[in-house]
Structures are given as C-alpha cells and as structure tokens.
Amino acid sequence: MENLLETKNLRKRFGGLVAVDGVNFSLSRGELRSIIGPNGCGKTTFFNLVTGKIKPTGGQVYYEGEDITNLPIHRISQKGIARKFQVPSIFGTMSVYENVRVPFFSDQKRHSMFVGRSIQRESHDQIMAILREVRLEQKANEISDHLSHGEKQWLEIGMALANKPNLLLLDEPTGGMTLGETRATVGLIKRISADLNISILVIEHDISFVREIESKVTVMYKGQIIHEGTFEEIQKDKTVREIYLGRGHKPC
Ligand SMILES: Nc1ncnc2c1ncn2[C@@H]1O[C@H](COP(=O)(O)OP(=O)(O)O)[C@@H](O)[C@H]1O
Ligand SMILES: [Mg+2]
C-alpha cells in the first residue's frame, strides 16, 4: 500500500539545537498513529515541518508520493492536511455551528454565483454530520466561549474536519482535559478514524491515552524516532522504559 505521508531524513536545527534529527517516518492511508515522547523531544516541530509552518534544514516530506518539502503552508493545507494546534483557536463569539461553517463558507464564496439552496442544504447536512461526529450536535447553537475546555477542543477537531482532510494532525488534543473528557476524546478519535476513512496522527505525552487508543505507536526522543510498534511492544523496550515509562516524565 502506498504511504500517504513519508519523511526522509528530516532535520530541523534551531541554532545549536537539533530539534528533529534525521526522522524517517511513514504513515499508511487510513491509519491511526500516536506519537509519544517527553516534552521538548521535537514532536511539535515534526508537525510544523510536515504542515510547512517551518522549513527543514535537511531531508524531505512526501505526501501521496509527491515531494511537498518546499511548498508554502497554504498549498500543503489545500492538499488535504489539516491540523489542530495545542491551544484551541476557535471564534469564541460565534456559535458552535458557525465555527464549523467557516470552511464551507470560504469554499462556496469561490463559486458564489452558483450557490443555490441545494448546495446550502448539502453544507448544512455536512456541518450537522461533523457536529454529530464530535458529539456537539446538541450544542450547535451555543456560543463557543460557553463550551467547556474539552468541548472547545472537540469543536476545533470539527473545524479541522470541515476542511475535508485526508490527513488530520492532532497535537496533544487532551491537554488540560479532565479524565472523563480525555476518555471521551479517545473514543471520538477512534470513531472519526473508523467512520471517515482519513489518516490521523496524534501527538500525546499521556501514556494512558496511548494505551487506550490502541494504535501503532511511534516514540520520539531527542529529535529521533527510537521505537515503533504496538503499545505492548514499546512498553517492553528497555530504552523506552528508562526514558519514558520509568520514573515520571523526564523531559528531553
Ligand atoms: N521556533 C523555535 N526556535 C528555537 N527553538 C525551538 C523552536 N521550536 C522548538 N524549539 C525547541 O526544539 C525542541 C523541541 O521542541 P518541540 O518540538 O516543541 O517539542 P515537543 O513538542 O516534543 O514538546 C525544544 O528544545 C524547543 O525548545
Ligand atoms: Mg509539543
């Protein structure tokens, strides 16, 4: 099976610090994958390189077999890579429904002469389907600022889905959530992965999240991939135990 995303010897240097150090990574179509590693190990920088937010000092990024390393960020996002940041960036004064509608609206503006009732109806159905997917259907008309912290994170996942991505990147989606919200988020991500046939790459440093999501796991340490496998496999690895599962969360 052709890989959806691949990186070859990807590197990013910030002055004297090598944040991403020769990463060879691949993700299949439709795959759900977790990336774990202590704070400061280069996980977010890796996402920044894949999405084109920053440019690498070396190596390549391939998406659907095409070298996208030097494409500007908006061209990469147009190819179907959507991202949810660590800090939610929703429009607080707008309703939940309106937030998810934004990407549809900008899509339609391009063909505004042809926007008829049937297209509006179609987007409405798609928006409601997304809200169902992220369990916010009942809150469609609520002002987004009034949502709980967890619900805001789900709304942002919904906004990312409204861009109809093939690849969804989630950076610590359970940050600051309660235990209940974290559990619900695991269920939500698994459901999206099963229902929508998109690839999902999720960064987490919470080990119980990674166990529950039951995907293949990539472990990053000091800018490198040090292990890949099932949760059970990575748990057995001596280095992983020492640096990650051992005494607390040692930063990189
Ligand atoms: N724009 C930047 N300029 C300088 N150093 C950076 C920048 N972004 C990240 N870093 C450094 O790169 C390392 C990896 O950071 P990051 O990718 O955010 O780690 P993680 O997401 O795994 O916690 C850290 O030491 C961080 O301080
Ligand atoms: Mg990070």
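Just so you know, ligand 1 is whichever comes first in the structure, and atom 1 is the first atom listed for that ligand.
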Quiz prompt | Ionic contact status for Lys238 with Glu242, cut-off 4.0 Å | solution = yes
Practice problem: Using a strict 4.0 Å cut-off to heavy atoms of Thr44, name the atoms of ligand 1 that fall inside it. | Solution: 17 (O), 18 (O), 20 (P), 21 (O)
Option with minimal heavy-atom separation from [atom], where the choices are [options]:
atom                    : options                      : result
atom 1 (N) of ligand 1  : Phe14, Phe46, Phe47          : Phe14
atom 24 (C) of ligand 1 : Gly40, Cys252, Gly223, Ala19 : Gly40
atom 15 (O) of ligand 1 : Asn48, Thr45, Leu49          : Thr45

Exercise. For ligand 1, note which part of Leu17 has a heavy atom under 4.0 Å away: side chain, backbone, both or neither.
Key: side chain
Practice problem: Ignoring hydrogens and angles, state whether a donor on the side chain of Glu181 or Thr174 is under 3.5 Å from an acceptor on the partner side chain. | Solution: no
Quiz prompt | Qualifying residue for side-chain hydrogen bond (donor to acceptor under 3.5 Å, both in side chains) with Asn48, from Lys55, Lys12, Arg83 | solution = Arg83
Quiz prompt | Heteroatom distance test (Gly42, ligand 1): nitrogen or oxygen, under 3.5 angstrom | solution = yes
Quiz item: Could an N or O of ligand 1 be found under 3.5 Å from any N or O of Cys41, whether backbone or side chain?
Solution: yes
Self-check item: Nearest atoms (heavy-atom pairs only) where Gln153 meets Gly175
Solution: NE2-O, 3.7 Å
Quiz prompt | Residue Asn39, metal the Mg ion (ligand 2), N/O/S under 2.8 Å | solution = no
Self-check item: Steps toward salt bridge (Lys or Arg N to Asp or Glu O under 4.0 Å) verdict (Glu64, Lys79)
Solution: CA-CA 9 Å; Glu64 297 193 304; Lys79 288 191 177 291; over 6 Å; no
Self-check item: Arg29 and its side chain to side chain contact (heavy atoms under 4.5 Å, CB included) partner, picked from Leu4, Leu167, Leu5, Asn3
Solution: Leu4
